[in-house]
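Accompanying notes for the structure given below.
The structure displayed is predicted, hence computed values, not measured ones.
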Amino acid sequence: MRCTTLPSTRAHSSGYRGIVAETRHLLAEELLTIGATVDDVAHRLGYADASSFTHAFTRWAGVTPGRFARTNR
């Protein structure tokens, strides 16, 4: 008999990744709004460098982190 109360590993992994990405996005917006630099946000959120963070943020928000910060301070 197969237990179906837990999601499959793949579905659970995708859900977890989605939660991590959403949390990073929200924290990044908050930090940028209060004046943190792109380098600081990248470091605090665990990105290898500011370029990786900028790419991810632009994918999430549709604008660069610098532009987001300038329009939301």
Side-chain angles (χ1 to χ4, degrees):
M1 184 187 229
R2 183 175 170 179
C3 179
T4 59
T5 58
L6 296 175
S8 70
T9 303
R10 183 174 179 182
H12 183 67
S13 177
S14 296
Y16 175 78
R17 287 181 190 153
I19 291 169
V20 170
E22 183 178 348
T23 301
R24 281 180 156 182
H25 181 186
L26 293 172
L27 286 171
E29 286 184 348
E30 179 74 21
L31 291 168
L32 291 168
T33 300
I34 63 171
T37 66
V38 171
D39 286 331
D40 187 38
V41 175
H43 176 73
R44 287 184 187 199
L45 297 182
Y47 284 91
D49 54 40
S51 177
S52 298
F53 167 67
T54 297
H55 179 76
F57 188 90
T58 302
R59 189 176 62 244
W60 298 326
V63 297
T64 64
R67 178 171 285 174
F68 178 87
R70 284 189 300 276
T71 60
N72 290 286
R73 282 193 186 151

Qualifying residues under side chain to side chain contact (heavy atoms under 4.5 Å, CB included), relative to Thr58, sequence neighbours excluded: Thr54, Thr64, Pro65

For Phe68, all residues meeting ring-ring contact (aromatic ring centres under 6.0 Å, His included), sequence neighbours excluded: Phe57

Where Gly35 and Arg73 come nearest, the two heavy atoms and their spacing: CA-NE, 3.9 Å

Taking every non-hydrogen atom, the tightest pair across Ala50 and Ala42: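 Scanning both residues completely, I find the closest heavy atoms to be CA-CB, 3.9 Å.
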
Minimum side-chain heavy-atom gap Val41-Leu32 below 4.5 Å: yes

Heavy-atom side-chain proximity of Trp60 to Arg24 below 4.5 angstrom: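 Result yes, sub-4.5 Å side-chain heavy-atom pair found.
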
Value rounded to 0.5 Å, distance of NE2 in His43 from CG in Leu45: 10.0 Å

Leu27 side, atom CG; Glu22 side, atom CD - distance, nearest 0.5 Å: 10.5 Å

Pairs touching residues 30-42 that satisfy side-chain hydrogen bond (donor to acceptor under 3.5 Å, both in side chains), sequence neighbours left out: Asp40-Arg44

Same apolar cluster (I L V M F W Y, side chains within < 4.5 Å links), Ile19/Tyr47: no

Shared hydrophobic cluster for Val38 and Val63 (ILVMFWY, side-chain gaps under 4.5 Å): yes

